[in-house]
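Throughout, numbering of the chain's residues begins at 1 and tracks the sequence. Note that this is a predicted model, so its numbers are computed, not measured. Worth knowing before you read on, the calculation uses all heavy atoms, side chains too, and leaves out hydrogens, waters and symmetry mates. For ligands, and for the atoms within them, numbers begin at 1 and follow the listed sequence.
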Amino acid sequence: MERTLSIIKPDATSRNITGKVNAMIEEAGLRIVAQKRLQLTAAQAEEFYAEHKDKAFFTSMIEQMISAPVVVQILEADNAIALYRKIMGATNPAIAEEGTIRKTFALSIDKNTVHGSDSPESAKREINFFFSNIEIVG
Ligand code: ADP
Ligand code: MG
């Protein structure tokens, strides 16, 4: 079993579609083993997305991530990291495959509904960023 970190982003919490996103996650065979709703501060969002700090979109992306609450989750499955990236769909929803979360719900590249870890190293870092061991019950 592998674990990945998911974020249901502000564009989704503000549209009240977190349950619809969770239904797609569960239908794909991923188990939500931890979950909480948070309002990120700018400092928290900047630290979480530090790898992107030199990108042109960084400031607007941080503003978007703190514009409403997020739901952070740990998802578990065999190959959870790759499986979740597959059902999320491409970063830009305009080119995401039919049936993916982003194709179904995302509004634009900067309002693209979900985050998912992109490697075992980032999954470990991102899970530890948001969760302590006692919050993960399996
Ligand atoms: P992903 O979320 O698919 O792993 P990245 O890690 O490359 O994508 O980017 C992180 C987030 O930054 C994206 O999900 C998206 O919200 C935002 N982003 C990426 N590229 C752009 C862009 N060109 N313009 C605006 N926002 C972007
Ligand atoms: Mg990424």
Side-chain angles (χ1 to χ4, degrees):
M1 282 291 172
E2 186 176 66
R3 288 174 174 170
T4 192
L5 189 282
S6 165
I7 304 177
I8 304 180
K9 294 185 179 184
D11 72 88
T13 62
S14 61
R15 285 181 287 153
N16 203 25
I17 58 170
T18 64
K20 289 180 177 169
V21 173
N22 277 349
M24 290 182 76
I25 288 169
E26 293 183 341
E27 278 158 20
L30 289 149
R31 181 173 291 271
I32 301 165
V33 297
Q35 174 170 259
K36 58 190 173 186
R37 187 172 175 109
L38 303 171
Q39 172 63 56
L40 294 179
T41 65
Q44 288 167 338
E46 285 166 7
E47 186 184 346
F48 182 81
Y49 276 121
E51 66 171 305
H52 294 304
K53 66 179 188 310
D54 297 326
K55 306 264 172 65
F57 59 80
F58 186 70
T59 304
S60 62
M61 191 249 284
I62 297 302
E63 284 173 8
Q64 181 58 38
M65 288 300 293
I66 67 172
S67 65
V70 295
V71 174
V72 296
Q73 325 173 285
I74 303 172
L75 309 182
E76 188 177 83
D78 286 333
N79 296 311
I81 296 168
L83 174 58
Y84 191 45
R85 295 290 304 191
K86 184 170 164 27
I87 70 153
M88 284 166 57
T91 307
N92 183 351
I95 59 165
E97 276 185 48
E98 283 301 328
T100 61
I101 294 170
R102 283 167 165 169
K103 180 69 175 183
T104 306
F105 297 118
L107 302 172
S108 58
I109 194 169
D110 57 333
K111 294 179 179 169
N112 64 358
T113 308
V114 281
H115 165 88
S117 307
D118 63 6
S119 68
E121 296 69 36
S122 32
K124 188 163 188 273
R125 182 185 80 84
E126 293 174 1
I127 287 169
N128 289 332
F129 188 90
F130 284 116
F131 291 95
S132 66
N133 280 339
I134 62 164
E135 294 177 301
I136 307 168
V137 294

### Query
In terms of the angle between their ring planes, are Phe48 and Phe129 parallel, tilted or perpendicular, with boundaries placed at 30° and 60°?
perpendicular
### Query
Taking the six-membered ring for Trp, are Phe57 and His52 parallel (under 30°), tilted (30 to 60°) or perpendicular (over 60°)?
tilted
### Message
Using only atom types and a distance under 3.5 Å, with no angle test, would you say the side chain of Gln73 pairs donor to acceptor with the backbone of Ile8?
### Response
no
How about [atom1] on [X], more than 12 heavy atoms from neighbouring residues, nucleotides or ligands closer than 6.0 Å, or not?
{"X": "Arg31", "atom1": "CZ", "value": "no"}
{"X": "Asn79", "atom1": "CG", "value": "no"}
{"X": "Lys55", "atom1": "NZ", "value": "yes"}

Which heavy atom of the protein is the closest neighbour of [atom], given with residue, atom name and distance?
{"atom": "atom 2 (O) of ligand 1", "result": "Arg102 NH2, 3.0 Å"}
{"atom": "atom 9 (O) of ligand 1", "result": "His52 NE2, 3.6 Å"}
{"atom": "atom 1 (P) of ligand 1", "result": "Thr91 OG1, 3.6 Å"}
{"atom": "atom 11 (C) of ligand 1", "result": "Lys9 NZ, 4.2 Å"}
{"atom": "atom 15 (C) of ligand 1", "result": "Ile109 O, 3.2 Å"}
{"atom": "atom 4 (O) of ligand 1", "result": "Arg85 NH1, 2.9 Å"}
{"atom": "atom 12 (O) of ligand 1", "result": "Phe57 CE1, 3.4 Å"}

### Task
Pull out every atom of ligand 1 sitting under 4.0 Å from any heavy atom of Asn112, numbered as shown with elements.
13 (C), 14 (O), 15 (C), 16 (O)
### Task
Output the list of atoms in ligand 1 that are nearer than 4.0 Å to some heavy atom of Met61, sorted by atom number.
12 (O), 17 (C)
### Message
Can you see whether Phe131 has Lys36 sitting over its ring - NZ or CZ less than 6.0 Å from the centre and within 45° of the normal?
### Response
yes
